[in-house]
Amino acid sequence: MVSGIVGLVCNALLSAVKFFLGAMSGSIAVTADAVNNLSDCGSSAVTLIGFKMASKPADNEHPYGHGRIEYIAGLIVSFMIMYAGFEILKSSVIKIINPMPVASSLPVIIGLCASILVKLWLNRFNNTVSKRISSSAVSAAAADSVFDVLATGATLVSVIASGYTDLPMDGIAGILVSAIILYAG
């Protein structure tokens, strides 16, 4: 439960900051990364709901218990994540076809670097919790943090590179982040 709450809070804060930074910079890759963190909020919520519902004992209507609610909630979140991934993919392709300048500013770079540090900490935290309680769900959350570090790293590189090239780095990074989101979904 603690892992789910920590993941929910961290990802909600990262998502809000990245949506702001994406709007400030005009970067589809930063906005896509914000959506990725928002989908992680959904995953944390599913973890919380799943643990809570699965812990209910069997009753007359559910003689085998309530453990399957986690699968249903996970399926719903998966579809939401995949929809977001497709929308970001579409926006990224449009951004490649019709490139627009991206404002590569110090606040955006600092925000993305801070996000990487938070996700590295979250990976370590979830690995520790996972080992302590032998939870595959928490272990998966730890692994997802590594994918998020890669996605944010690609976004960071694209934001920095956009200041030095006319290539549509933002759209390319948006496609990469959307692929990570679709894989997660």
Side-chain angles (χ1 to χ4, degrees), residues 4-47 77-126 140-185:
I5 292 168
V6 168
L8 189 63
V9 170
C10 286
N11 285 305
L13 290 173
L14 289 175
S15 181
V17 167
K18 287 179 187 176
F19 272 121
F20 174 75
L21 294 174
M24 185 174 87
S25 66
S27 170
I28 188 69
V30 175
T31 302
D33 206 16
V35 171
N36 187 29
N37 289 130
L38 190 60
S39 72
D40 291 340
C41 284
S43 298
S44 294
V46 167
T47 301
V77 170
S78 176
F79 282 127
M80 292 181 346
I81 291 169
M82 289 173 51
Y83 175 76
F86 281 120
E87 287 298 312
I88 291 167
L89 178 64
K90 184 173 71 172
S91 298
S92 298
V93 169
I94 291 169
K95 191 96 176 197
I96 290 173
I97 295 169
N98 300 314
M100 297 169 66
V102 173
S104 176
S105 65
L106 190 59
V108 174
I109 293 169
I110 290 171
L112 292 174
C113 288
S115 174
I116 289 171
L117 293 175
V118 169
K119 283 298 191 166
L120 288 171
W121 175 83
L122 203 52
N123 169 268
R124 187 173 176 94
F125 173 78
N126 283 328
D144 183 57
S145 292
V146 174
F147 282 116
D148 292 342
V149 167
L150 296 174
T152 303
T155 302
L156 179 61
V157 168
S158 80
V159 167
I160 293 170
S162 291
Y164 298 101
T165 182
D166 290 333
L167 294 173
M169 298 303 293
D170 186 50
I172 293 167
I175 288 174
L176 179 63
V177 173
S178 72
I180 292 170
I181 293 170
L182 287 167
Y183 178 78

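This is a predicted model, so every value here is computed, not measured.
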- Around atom CZ of Phe19, are there more than 12 heavy atoms of other residues, nucleotides or ligands at under 6.0 Å? yes
- Query: Is it the case that more than 12 heavy atoms not belonging to Met24 sit under 6.0 Å from its CE atom?
  - Reply: yes
Spatial distance of atom [atom1] ([X]) from atom [atom2] ([Y]) [nearest 0.5 Å]:
X: Leu89; Y: Met82; atom1: CG; atom2: CE; value: 12.0 Å
X: Cys10; Y: Ile5; atom1: SG; atom2: CD1; value: 12.0 Å
X: Leu167; Y: Ser158; atom1: CG; atom2: OG; value: 12.0 Å
X: Ile180; Y: Ile88; atom1: CD1; atom2: CD1; value: 11.0 Å
X: Ile109; Y: Leu112; atom1: CD1; atom2: CG; value: 8.0 Å
X: Ile116; Y: Leu150; atom1: CD1; atom2: CG; value: 9.0 Å

Please check if the side chain of [X] supplies one atom and the backbone of [Y] the other of a donor-acceptor pair under 3.5 Å.
X: Asp170; Y: Ser27; result: no
X: Asn37; Y: Asn11; result: no
X: Ser44; Y: Asp40; result: yes
X: Ser178; Y: Ile175; result: yes
X: Ser25; Y: Leu21; result: yes

So, for [X] and [Y], which heavy atoms are closest and what is the spacing to 0.1 Å?
X: Ser104; Y: Ile160; result: OG-CA, 3.9 Å
X: Ser92; Y: Gly171; result: CB-O, 3.4 Å
X: Leu176; Y: Ala154; result: CD2-CB, 3.3 Å
X: Lys95; Y: Met100; result: CE-O, 4.0 Å
X: Asp33; Y: Val177; result: N-CG1, 3.9 Å
X: Ser15; Y: Ala34; result: OG-O, 3.0 Å

- Give a yes-or-no answer on whether the side chains of Thr155 and Lys18 include a donor-acceptor pair shorter than 3.5 Å. no
- Stepwise side chain to side chain contact (heavy atoms under 4.5 Å, CB included) test for Val118 and Ser115: CA-CA 5 Å; Val118 169; Ser115 174; 5.7 Å; no
- Query: Would you call Glu87 and Val35 a side-chain contact if the rule is heavy atoms closer than 4.5 Å?
  - Reply: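 Counting from C-beta outward, Glu87 and Val35 never come under 4.5 Å.
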